[in-house]
Amino acid sequence: MSAWRLVEEPPPPGDERASEPRRRGSSTRRLLVVAATVLLTLVGAGGLAAARSGALFAERPEGCAKPDRSMQLYAVELPRDGTQIRLGYGLTPQTASYPGPTIEMTEGECVAITLHNQVSAATLAQLRTDPAHPLGVSLHVHGVKYTQVSDGTVQSGSFVPPGESRTYTWFAQQRNRKTGSPGTAGYWWYHDHVVGGPHGTQGLGAGLFGGLVVRRPGDPKPDRTYTVVFGDRQSINLRRGAAADTCDGQHPQPGPTCLIARKGEKVEFVVVGIGNDMHTFHLHGHSWADTRTGLVDNGQPFADGIPIIDNKPLGPGDSFGFQVTAGDSVGPGHWMLHCHMQFHSDGGMSTMLHVLNEDGTMPPGHHHSHPASGTGATAGPGQHQHN
Ligand SMILES: [Cu+2]
């Protein structure tokens with residue numbers, strides 16, 4: 001088996017002052033080499049159970065003495081989309097969806113999330129690309145701090161076999177001018193990293209992903225948050241065309257396939273890219289500041305150095321977010337939200353932000369009696385307001 005070690009630099013000749021710290025340093029390095037060798041031996045000898053027990057790694061990141069709150073998250077199988085297996089995360093098994101629940105944290109906060117894997121071994125086996133790959137689901141997060149035991153990977157032993165549970169700890173490290181930490185405020189996401197193969201490609205493709213918003217104390221809160229995930233095969237939240245927008249004109253239910261708000265409400269978007277394709281996210285009628293919060297900082301003068309945009313490139317793994325005031329200056333209506341790569345939007349990568357009248361009624365021009373397939377372009381004149 002292979003092992004690595006740190007290369008020790010010899011002290012410069014005649015440097016007496018440096019010799020003592022260097023001796024100390026080299027003994028520390030020797031210890032590191034020993035620790036690394038022990039670790040590699042354990043992992044190499046099937047020591048994943050030892051790694052899983054957390055014996056070798058800190059359970060929580062520095063700065064998180066103990067979790068401020070805990071959450072339960074369930075991974076479940078959802079009804080298939082045609083022949084496609086669909087999985088989702090949910091705060092309860094009954095409310096699982098794709099994307100999963102948008103999780104909110106505040107800088108300085110540490111959250112313990114217990115993931116319950118209710119996806120059957122049979123389903124996970126169907127998604128497996130290599131029969132030697134273990135069966136399980138996991139929770140891997142972007143942007144916030146976590147230790148190896150919360151990495152959500154097979155290699156670190158931090159996944160959940162069918163029927164089992166595991167607690168992951170996330171720390172929304174705060175900004176610290178002394179240490180130079182930029183903090184973790186911003187728009188991130190979480191996803192499976194285990195289903196099917198070592199990168200969770202099948203888990204992501206089946207629906208195991210969701211948005212994460214980290215705010216600073218005092219940040220403005222929106223009235224509604226929508227997570228919009230751009231993926232392969234011209235998909236938005238794994239759907240396209242009419243299936244991406246199932247908003248009922250009479251009794252709309254806000255959700256992953258019904259982006260809706262009253263005029264004047266603050267609407268927040270968490271935008272995530274998954275899969276293999278590049279995209280550009282475009283929202284009609286609204287624009288936002290291209291900053292980590294999608295806002296111009298409170299109290300700061302509007303500065304030309306902060307771009308105001310209504311279209312933003314999005315690659316796999318990227319995420320960003322922003323808040324807009326629904327219908328601000330432009331009024332209620334059916335505002336398109338789509339990928340601006342033309343063959344993607346033409347292929348059905350398009351949905352709507354429905355901005356309701358202030359009394360909550362749907363403005364004219366929304367009609368969903370057309371079949372839930374294709375691009376939705378079959379609606380008659382006046383049925384969609386394609387601005
Ligand atoms: Cu696209």
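Whatever order the structure lists ligands and atoms in, that order sets their numbers, starting from 1. Basis for what follows: all heavy atoms, side chains included, without hydrogens, waters or symmetry-related copies.
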What atom name does the N, O or S atom of His344 nearest to the Cu ion (ligand 1) carry?
ND1
Got an N, O or S from Cys339 under 2.8 Å of the Cu ion (ligand 1)?
yes
So His193 and Asp151, side-chain hydrogen bond (donor to acceptor under 3.5 Å, both in side chains) or not? Walk me through it.
CA-CA 9 Å; His193 212 299; Asp151 193 31; over 6 Å; no
Which residue, Tyr146, Tyr168, Tyr89, forms the ring-ring contact (aromatic ring centres under 6.0 Å, His included) with Tyr190?
Tyr89
Atom of His279 nearest the Cu ion (ligand 1) (restricted to N/O/S, atom name only):
ND1
Indicate yes or no: at least one non-hydrogen side-chain atom of Ser158 is less than 4.5 angstrom from one of Gln148.
no
Side-chain heavy atoms of Arg60 within contact of Thr147, under 4.5 Å:
no
